[in-house]
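Basis for what follows: all heavy atoms, side chains included, without hydrogens, waters or symmetry-related copies.
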Amino acid sequence: AGLGDHTVNLAEEGFRVEACDLSPLAREATRESLRDAGLDVLVHDVAWAQLGDRFPGRYDVIFHDALHWIYEPEALDAALRGLFRALRPGGELVFFYADARDPAPDAGARVLAWDWSHMERAELGWDLQRGETSVTLTRVNERGHDFIDQHHLFVIREGGRARLESLTLRRVYRWDWHGITPRLAAAGFVDARSEHFRNVKGHTFAMNLCRRPA
């Protein structure tokens, strides 16, 4: 679910949507966004690996923009199996980062090198003001072999007091097309492919799809 942006956008376009996130903060942010938009959408607290146990064969499409953030292979495999079971036969999984136009084994490593060369080591993320509460995000970036750890530092000011909270998000580069397609097949998915779109900044990106057989 994240902060609810995709949930709200898809529901406003007329799709029948349900959202899922393990983070209580993300679920509450999604519910708040839905309330602001006047939308009635179910928001679930369930791990991706257990989604198929909770909702077997329920979904026509699962839109998953965080699949490539999973670092450990075993965790990715478990998530793919759960997502597979949650799809109806013929249903499709939508995911990102990988690109069928570049199936080479070093595709992810090249993206990592480019990102790191264009990334500030420390950067201001955003300032958010909501009522009497303000939040400032600063990111500190640290490179690993096949990942970049982004340490998020949140300065939260409310009621005349300030506090610091932090979390680390790992940008994972191992699940390029070469890395992820065998794992999709092992989970039972077929017909993996990329569709390509141009965003408002003029950059072309891949939106990937694969299917649970009918």
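The two residues G144 and L112 make their nearest non-hydrogen contact at O-CD2, 4.1 Å. Here the shortest heavy-atom pairing between D176 and A104 reads OD2-O, 4.0 Å. The shortest heavy-atom contact between C210 and F95 is SG-CE2, 3.9 Å. Across every non-hydrogen atom of W69 and R170, the tightest pair is CE3-O, 2.9 Å.
Atom CE of M119 is separated from atom CD of Q150 by 5.0 Å, given to the nearest 0.5 angstrom. Interatomic distance, CG of L93 versus OH of Y59, reported as 13.5 Å (0.5 Å rounding). Atom CG in L76 sits 9.5 Å away from atom CZ in R174 (nearest 0.5 Å). The structure places OG1 of T7 at 11.0 Å from CD of E12, a figure rounded to the nearest 0.5 Å. Interatomic distance, CZ of R31 versus CG of D36, reported as 14.0 Å (0.5 Å rounding). Considering CG of L209 and CZ of F63, their distance stands at 10.0 Å, rounded to 0.5 Å.
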Next item on the list: Could you give me the CA-CA distance, side-chain angles and deciding distance for D102 and R110, then say whether side chain to side chain contact (heavy atoms under 4.5 Å, CB included) is met?
Entry: CA-CA 11 Å; D102 193 352; R110 285 186 276 109; 3.0 Å; yes

Checklist line | From CA spacing to verdict: salt bridge (charged side-chain N to carboxylate O under 4.0 Å, His left out), E158, R163 | finding: CA-CA 9 Å; E158 53 187 350; R163 70 180 190 274; 2.4 Å; yes

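Crowding of D127 atom CG: a count of heavy atoms from other residues, nucleotides or ligands under 6.0 Å exceeding 12. Residue L3 places its CG atom among 12 or fewer non-hydrogen atoms of other residues, nucleotides or ligands, all under 6.0 Å distant.
Proximity of a side-chain donor or acceptor of W116 to a complementary backbone N or O of I148 within less than 3.5 Å is not detected. E28 places no side-chain N or O within donor-acceptor distance of the main-chain N or O of T30, the cut-off being under 3.5 Å. Of the possible donor and acceptor atoms, one in the side chain of R193 sits under 3.5 Å from a partner among the backbone N and O of D191. Counting only distance, with no hydrogens or angles, the side chain of H203 and the backbone of N199 share no donor-acceptor pair below 3.5 Å. One N or O on the side chain of R27 and one on the backbone of L22 form a donor-acceptor pair closer than 3.5 Å. Side-chain N or O atoms of R212 include one that pairs as donor or acceptor with a backbone N or O of F84 at under 3.5 Å. A donor-acceptor contact shorter than 3.5 Å links the side chain of D21 to the backbone of G2.
Every pair passing salt bridge (charged side-chain N to carboxylate O under 4.0 Å, His left out) that includes a residue from residues 49-66 is listed here, sequence neighbours excluded: E18-R58, D53-R85, D60-R88.
Looking at N208 and Y97, their side chains never bring a donor and an acceptor atom within 3.5 Å of each other.
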